[in-house]
Amino acid sequence: MSQRKQTLGEFIIENQASFKYTSGELSRLINSIRLAAKVVNHEVNKAGLVDILGAAGDTNVQGEDQQKLDVYANTKFIQTMTKRNIVCGIASEEEDDFITINSQDENHQNKYVVLIDPLDGSSNIDVNVSVGTIFSIYRRVTPVGTPVTIEDFLQKGNHQVAAGYIIYGTSTMLVYTTGHGVNGFTLNPAIGSFYLSHPDMKFPEDGRIYSVNEGNYIHFPKGIKDYIKYCQMEEGDRPYTSRYIGSLVSDFHRNMIKGGIYMYPKSSKASNGKLRLLYECNPMAFLAEQANGKASDGFNRILDIQPTELHQRVPFICGSKNMVEKAEEFMRAAE
Ligand code: P6P
């Protein structure tokens, strides 16, 4: 009989000692994210049903005011992390400014800040395509005992202590890193536990999948256009396959397993691209590097970028190391 897989809770306890801040607070924080993931997963999975039933009026099947799912996910993740009294501040794609969490922590003793995209790709919900939650965790840099400031959130990505995503797909997975590799856990909805299904995830150094919205092709920089044409050329192991879901988490997850590159470059329509540095690109870049992949803006390592604004956007190229380096080669040649 095959041995039972380790649960996420068992994995956290077993690996807690490897984390240099072994106060157990980070473990409690990952556990709070685990709980929120299950709550959001339940709501995402019945979205179609709720939409149908909710169409009868302004309330849903439970008689609650029907909320947009991304607002719902935002509320649930913030509530869960607040109740666990672990973080001192939260920033979210759904919130204009950061939130100071003092709840029971009246004297601001909590040490962690979390930045989150509560439901990335939420426009895919209406067409039943997978979406995801992305999170990024730092230790505060301002003195414990004082309210958090914007400085605690505008840290370089290479200061992250943990990052991860939940993908609400054909199965629901939580994939995260604390700087010791990347591990994937699959939810067994029947019992509500996450099991270690993808230990030590790695990007293949090469891949044959490129993910980009080619509808923007004419607006891309020359280097990106040249790289896309390179991907399409009949030579060696090319042409590659184009796969673009319109959900960063889903494209990233598939490319990490199969090998591939995801690009959301700048364009004449979006001078810094579309993706947000703090709660999309930094966490995905941390995961990519921990999985032997690479992430850049086409020229610079994402994790070295000094943030200047909470919701700033950066061009994003991420995936198998050799593919990212080839794309960077075309970007430099076109300069
Ligand atoms: P476009 C979703 O809105 C998102 O932030 C990513 O998840 C996704 O890869 C990208 O934007 C899709 O953007 O402009 O190609 O529809």
Side-chain angles (χ1 to χ4, degrees), residues 37 40 44 47 68-74 77 91-95 115-136 157 163-170 172-175 203 207 209-221 224-225 227-228 231 241-258 260-288 293 295-298 302 309-320 323-324 327:
V40 170
V44 165
K68 278 170 61 75
L69 267 173
D70 39 13
V71 173
Y72 175 85
N74 185 55
F77 275 95
S92 168
E93 179 172 64
E94 298 296 328
E95 305 286 340
L115 298 98
I116 193 163
D117 183 354
L119 207 60
D120 180 69
S122 53
S123 58
N124 282 323
I125 289 269
D126 303 341
V127 294
N128 205 9
V129 169
S130 56
V131 294
T133 295
I134 308 170
F135 60 90
S136 170
Y165 58 81
I166 297 103
I167 178 169
Y168 309 100
T170 46
T172 295
M173 283 189 69
L174 190 155
V175 178
F203 268 98
I209 297 171
Y210 71 99
S211 306
V212 65
N213 184 338
E214 295 192 57
N216 297 325
Y217 180 84
I218 58 170
H219 304 293
F220 286 153
I224 293 290
K225 288 180 179 175
Y227 178 67
I228 291 173
C231 293
T241 296
S242 173
R243 287 283 183 277
Y244 189 71
I245 297 174
S247 169
L248 166 62
V249 168
S250 307
D251 282 316
F252 180 98
H253 188 76
R254 181 207 52 244
N255 290 349
M256 179 158 62
I257 293 170
K258 292 181 176 283
I261 185 171
Y262 171 95
M263 299 180 283
Y264 209 104
K266 69 179 184 181
S267 70
S268 51
K269 292 195 305 182
S271 58
N272 288 312
K274 173 182 182 184
L275 301 187
R276 312 284 188 169
L277 171 61
L278 290 182
Y279 41 78
E280 290 176 326
C281 301
N282 270 339
M284 301 312 271
F286 187 21
L287 288 162
S296 82
D297 62 4
I302 289 288
E309 290 168 28
L310 208 51
H311 299 291
Q312 77 182 76
R313 302 173 195 269
V314 291
F316 190 55
I317 298 175
C318 175
S320 294
M323 297 181 85
V324 173

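Hydrogens, waters and symmetry mates are skipped; everything else that's a heavy atom, side chains included, is used. Atoms within each ligand, like the ligands themselves, are counted from 1 in listed order.
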Hey, does the side chain of [X] reach the backbone of [Y] with a donor-acceptor pair shorter than 3.5 angstrom?
X: His311; Y: Glu95; value: yes
X: Ser320; Y: Gly260; value: yes
X: Ser211; Y: Tyr244; value: no

Legend entry - Phe316 and Glu280, any side-chain heavy atoms less than 4.5 Å apart: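 SC-SC contact between Glu280 and Phe316 ruled out.
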Inset, instruction - Kindly tell me which protein residues have any non-hydrogen atom under 4.0 angstrom away from an atom of ligand 1, grouped by chain and ordered by number? - result: Asp120, Gly121, Asn213, Tyr244, Gly246, Ser247, Leu248, Tyr262, Tyr264, Lys274, Leu275, Glu280
Legend entry - Ile209, Leu275, Ile245, Val212 screened by side-chain contact (heavy atoms from CB on, under 4.5 Å) with Tyr262, the one that passes: Leu275
Inset, instruction - Count the heavy atoms of every other residue, nucleotide or ligand shown that sit under 6.0 Å from NZ of Lys258, and state whether that count exceeds 12. - result: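 Incorrect, the count does not exceed 12.
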